Amino acid sequence: MKNLIKISLVVAAIFAAPGVKANDEVVSLKVKAENNKSIRFYIDEAKDIELAINDAVDNRLIYQESIHASGASTKTYDLNELPDGEYTLNVTTGSQLAQYQINIVNNKAEVSEPKITEVFKPILEKDSAMVTLSLDNADKSPIEVEIINEFNEQLYKETFTNRAKLTKKFNVGSTPSKELTFIVTTNKQQFTKTIESR
């Protein structure tokens, strides 16, 4: 059984923040380290954002959030619960992924410039008690599929190799869990989605 780190991140959102200007970056989002152990997002325009923080050593999911920004906004994340170490912040908008390295040393957070890559987008569809996962994988790299419940208990894990396309069906009708989180990892990219199983 795999347990994810339980952590609470305090989020302070200030919408329509003054002084936030649009730019021509691929992802119109800026992340910078603030005082001590906090980071701040500057979102320049309306968009849907998937955010995840992982331990950079073993890729464990620490925190995730779906953000719908209706316009320019600022969000501050308090990282005081994280010990010194290296972390990866993945910010997905549309088909692009911005990866930031967060290095926490002596209770201060340092954030790298983002690495922008195209993102693979698995599709999860639920029809009654059946969940279907499908994705394209042109380079046939290994695909790891993991399912955890609301208590971070691992219910399923399998790695698929040499597949250009993957379609997998899961019958979730008999699980006592209320929520299931699907974690799909390939080429150091991770897709996470939580569904209600009942």
Side-chain angles (χ1 to χ4, degrees), residues 1-9 11 13 27 29 41 43 46-70 75 77 87-100 115-198:
M1 180 188 307
K2 177 182 175 183
N3 288 319
L4 298 177
I5 295 175
K6 293 179 181 177
I7 186 167
S8 62
L9 295 179
V11 179
V27 177
L29 170 94
F41 277 152
I43 303 168
K47 62 177 61 203
D48 291 320
I49 297 168
E50 296 293 326
L51 179 143
I53 297 176
N54 296 76
D55 187 301
V57 176
D58 60 12
N59 206 33
R60 282 178 299 166
L61 178 66
I62 295 171
Y63 177 78
Q64 72 179 33
E65 180 182 8
S66 296
I67 302 168
H68 175 71
S70 56
K75 293 178 81 69
Y77 291 84
Y87 303 90
T88 303
L89 171 65
N90 295 310
V91 181
T92 306
T93 55
S95 63
Q96 293 185 328
L97 168 71
Q99 286 187 315
Y100 298 83
K115 176 184 173 187
I116 308 294
T117 56
E118 289 298 313
V119 106
F120 80 109
K121 280 289 213 180
I123 298 171
L124 269 177
E125 295 177 329
K126 185 173 185 290
D127 184 12
S128 189
M130 193 66 65
V131 175
T132 303
L133 168 68
S134 57
L135 65 92
D136 293 323
N137 185 35
D139 64 0
K140 297 185 178 181
S141 58
I143 303 165
E144 181 184 277
V145 179
E146 180 181 10
I147 304 173
I148 59 174
N149 64 15
E150 63 268 33
F151 305 108
N152 294 326
E153 297 169 333
Q154 185 184 80
L155 305 178
Y156 173 87
K157 185 175 183 179
E158 188 172 354
T159 301
F160 301 89
T161 57
N162 203 29
R163 301 270 189 103
K165 184 168 181 64
L166 174 67
T167 301
K168 180 80 175 168
K169 293 185 180 290
F170 300 90
N171 186 341
V172 299
S174 60
T175 181
S177 303
K178 293 179 181 177
E179 290 184 347
L180 297 174
T181 298
F182 288 74
I183 305 168
V184 183
T185 307
T186 185
N187 275 342
K188 296 187 177 180
Q189 292 190 47
Q190 190 173 79
F191 169 85
T192 304
K193 184 171 183 179
T194 300
I195 62 164
E196 292 183 2
S197 56
R198 295 190 255 161

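Positions are given from 1 along the sequence. It should be emphasised that the depicted structure is a prediction, and the values quoted were computed from it without experimental measurement.
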Let me confirm one number: the [atom1]-[atom2] distance from [X] to [Y], rounded to the nearest 0.5 Å.
X      : Y      : atom1 : atom2 : result
Asp55  : Tyr87  : CG    : OH    : 6.0 Å
Gln190 : Asn90  : CD    : CG    : 7.0 Å
Glu50  : Thr92  : CD    : OG1   : 7.0 Å
Tyr156 : Ile148 : OH    : CD1   : 15.0 Å
Ile143 : Arg163 : CD1   : CZ    : 7.5 Å
Ile53  : Ile62  : CD1   : CD1   : 7.0 Å

Residues in side chain to side chain contact (heavy atoms under 4.5 Å, CB included) with Glu196, at least two apart?
none
With sequence neighbours left out, the residues meeting side chain to side chain contact (heavy atoms under 4.5 Å, CB included) with Ser141 are Asn137, Asp139, Thr186, Asn187
Go through the steps for Thr194 and Gln64 under the test side-chain contact (heavy atoms from CB on, under 4.5 Å), then give the verdict.
CA-CA 10 Å; Thr194 300; Gln64 72 179 33; 3.5 Å; yes
Exam field: side chain Glu150 to backbone Lys178, donor-acceptor pair closer than 3.5 Å
yes
Excluding sequence neighbours, so at least two apart, what forms side-chain hydrogen bond (donor to acceptor under 3.5 Å, both in side chains) with [X]?
X      : answer
Ser177 : Thr175
Asn162 : none
Thr192 : none
Thr159 : none

The ring-ring contact (aromatic ring centres under 6.0 Å, His included) partners of Phe182 (sequence neighbours excluded) come to Phe170
Could you give all pairs that pass the ring-ring contact (aromatic ring centres under 6.0 Å, His included) test and reach residues 122-149, with sequence neighbours left out?
none
Report, one line per pair, each donor and acceptor closer than 3.5 Å where one atom sits in a side chain of residues 122-136; sequence neighbours left out.
unit_1, atom_1, unit_2, atom_2, d
Lys126, NZ, Ser128, O, 2.7
Thr132, OG1, Lys169, NZ, 3.2
Asp136, OD1, Lys165, NZ, 3.3

If we only count heavy atoms from C-beta on, is the Lys168 to Val145 side-chain gap below 4.5 Å?
no
Closest heavy-atom pair and its distance - Leu51, Tyr77
CD1-OH, 3.9 Å
